[in-house]
Amino acid sequence: MTTQTETETETETGTCEEHGEYEIKVFALGGLSNHRAAIGGAKCPTCESIYQAKLSKAHELQREEKRKLKIKECIEQFERQIPKRFNSASLKSYVIQNEGQRKAMNICHKYLTGFDTAIKNTGGGLIFSGTVGTGKTHLAIAIGRELSKRGVDVDYANLTDLIRRVRATWSGEGNERDVIGQLQKCGLLIIDEVGVQAGSENERNMLFEIIDGRYQNILPTIIISNLERAKISELISERSVDRITQGGAVIPFNWNSERSVK
């Protein structure tokens, strides 16, 4: 035969040397005085509150230090990758002289504004397409620089170097799966000079694998090319272009080269 054990709750008084008396609730199991325990512990509630506040503050400081360290690492990593010619490239240093440049700049600003919301939800990327010397790389690097300052791990490479990075693993320099995996998972991937490489089937397949992996992970990619959109599609495949621009945009840079007037 099973009997139900009764639990009685009582109140006692505790004393804190610093904060004085406080109430302790205890329970007596089955009415036995030798089976008693404090509910929620027998600590002074004021002392406990102060301790928890200090603990919370310590955790907050620790999280802030980790955030600052991550930002520092992201900035240093990105700055190591970009060409010296673009060491000072920023949105502020981009000179606007025509309506096309103004539209490009506005899109870049909107992209940065929505990066933590809309872009995070869609993985939408950008394609900078058009004339040589119109500031495509400048603006792409400016976006990457701003995002690295937010703690986003941005990877920049021209396509020839990116392909070389993967092919180097074929001769034993690292693991191909690891290299492609890193390119598939970084916060933003910027691929420059698309159209300079040979455009072989092997290169298209390699690039599609990277872009498709990023698409599946909902991560954005920025493509920079001197070719028009249609030519880019021929070179890297329409599937790759479609995955990059879903939730993103193609920005045409179809004005005269800045280099020719300097």
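Note on Ile96: it clusters hydrophobically with Phe253, by side-chain heavy-atom contacts below 4.5 Å among ILVMFWY residues. If you chain together hydrophobic residues whose side chains sit under 4.5 Å apart, Ile75 and Phe115 never meet in one group. Note on Trp255 and Ile224: same hydrophobic cluster, where clusters join Ile, Leu, Val, Met, Phe, Trp and Tyr whose side-chain heavy atoms are under 4.5 Å apart, directly or indirectly. The hydrophobic clustering, which links ILVMFWY residues whose side-chain heavy atoms are closer than 4.5 Å, places Ile223 and Val250 together. No chain of hydrophobic side-chain contacts below 4.5 Å, direct or via other Ile, Leu, Val, Met, Phe, Trp or Tyr residues, connects Phe208 to Ile232.
Between Phe128 atom CZ and Asp192 atom CG the span is 10.5 Å, to the nearest 0.5 Å. Rounding to the nearest 0.5 Å places CG of Asn256 at 10.5 Å from CD of Gln97. In this structure, CG on Leu227 lies 11.5 Å from CD on Glu193, to the nearest 0.5 angstrom. If you take CG on Leu162 and CG on Leu183, they are separated by 5.0 Å, rounding to the nearest 0.5 Å. We find the CD-CG distance between Glu146 and Leu112 to be 6.0 Å, quoted to the nearest 0.5 Å. Interatomic distance, CD of Gln182 versus CD1 of Ile180, reported as 11.5 Å (0.5 Å rounding).
Take Arg239 and apply the salt bridge (Lys or Arg N to Asp or Glu O under 4.0 Å) test, not counting sequence neighbours, and it matches no residue. Scored by the side chain to side chain contact (heavy atoms under 4.5 Å, CB included) test, Glu18 finds Cys16 as partners (sequence neighbours excluded). Under the rule for a side chain to side chain contact (heavy atoms under 4.5 Å, CB included), the partners of Gln246 that lie at least two apart in sequence or sit in another chain are Tyr215, Asp242. Every residue meeting the side chain to side chain contact (heavy atoms under 4.5 Å, CB included) condition with Asn217, not counting sequence neighbours, appears here in chain and number order: Gln184, Lys185, Leu219. Ser129 meets the side-chain hydrogen bond (donor to acceptor under 3.5 Å, both in side chains) test with no other residue; sequence neighbours excluded. Qualifying side chain to side chain contact (heavy atoms under 4.5 Å, CB included) partners for Asn87, counting only residues two or more places apart in sequence or in other chains: Ile82, Lys84. Evaluation of the ring-ring contact (aromatic ring centres under 6.0 Å, His included) rule for Tyr156 yields no partner, not counting sequence neighbours.
A side chain to side chain contact (heavy atoms under 4.5 Å, CB included) with Glu64 is found for one member of Lys66, Arg67, Gln62 and no other, namely Arg67.
In this structure, Pro83 and Ile141 approach most closely via the heavy-atom pair CD-CD1, 4.2 Å. What you find for Ile244 and Ile127 is that their closest heavy atoms are CG2-CG1, 4.0 Å. Summarising the geometry of Asn202 relative to Trp170, their closest heavy-atom pair is OD1-CH2, 3.9 Å, with the distance given to 0.1 Å. Listed here is the closest heavy atom pair of Val152 and Leu188: CG1-N, 4.2 Å. Shortest non-hydrogen contact noted between Arg243 and Asp212 is NE-OD1, 2.7 Å. Listed here is the closest heavy atom pair of Gly123 and Ile218: N-CG2, 3.4 Å.
In this structure a side-chain-to-backbone donor-acceptor pair under 3.5 Å is present from Asp153 to Gly187. A donor-acceptor pair under 3.5 Å is absent between the side-chain atoms of Glu76 and the main chain of Glu73, judged by distance alone. Looking at Arg145, its side chain never comes within 3.5 Å of a backbone N or O of Phe78 through a donor-acceptor pair. No donor-acceptor pair closer than 3.5 Å links the side chain of Thr221 to the backbone N or O of Arg214.
In this structure, Arg177 places its CZ atom where more than 12 heavy-atom neighbours from other residues, nucleotides or ligands lie under 6.0 Å away.
In this structure the side chain of Thr169 never reaches within 4.5 angstrom of the side chain of Asn175, judged on heavy atoms. Proximity of Met105 to Gln101: side-chain heavy atoms (C-beta onward) are nowhere separated by under 4.5 Å. Tyr111 has its side chain within reach of Pro220: a pair of non-hydrogen atoms, C-beta onward, lies under 4.5 Å apart. Counting heavy atoms from C-beta outward, Leu139 and Leu91 have side chains that approach closer than 4.5 Å.
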Exercise. Given side chain to side chain contact (heavy atoms under 4.5 Å, CB included), test Ser240 with Arg204 step by step and report yes or no.
Key: CA-CA 9 Å; Ser240 293; Arg204 278 194 294 272; over 6 Å; no
Practice problem: Apply side chain to side chain contact (heavy atoms under 4.5 Å, CB included) to Val241 and Ile236, showing your working. | Solution: CA-CA 7 Å; Val241 170; Ile236 68 174; 4.0 Å; yes
Quiz item: Between Ile190 and Ile143, is a side chain to side chain contact (heavy atoms under 4.5 Å, CB included) present by the stated rule, with each step listed?
Solution: CA-CA 10 Å; Ile190 302 173; Ile143 289 174; 5.8 Å; no
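Applying the salt bridge (Lys or Arg N to Asp or Glu O under 4.0 Å) test to pairs two or more places apart or on separate chains, none has a residue in residues 122-142. The salt bridge (Lys or Arg N to Asp or Glu O under 4.0 Å) pairs that include a residue from residues 216-229 are Arg229-Glu238, where partners are two or more places apart or lie in different chains. Under the salt bridge (Lys or Arg N to Asp or Glu O under 4.0 Å) criterion, the residue pairs touching residues 91-107 are Glu99-Arg102, with sequence neighbours excluded. Note on residues 108-122: pairs passing salt bridge (Lys or Arg N to Asp or Glu O under 4.0 Å), not counting sequence neighbours, are Asp116-Arg150.
Using a 4.0 Å cut-off between charged side-chain N and carboxylate O, Lys72 and Glu65 make no salt bridge.
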Under 3.5 Å, which donor-acceptor pairs link side chains of residues 44-61 to any protein atom two or more places apart or in another chain?
residue: Glu48; atom: OE2; partner: Gln52; partner atom: NE2; Å: 2.9

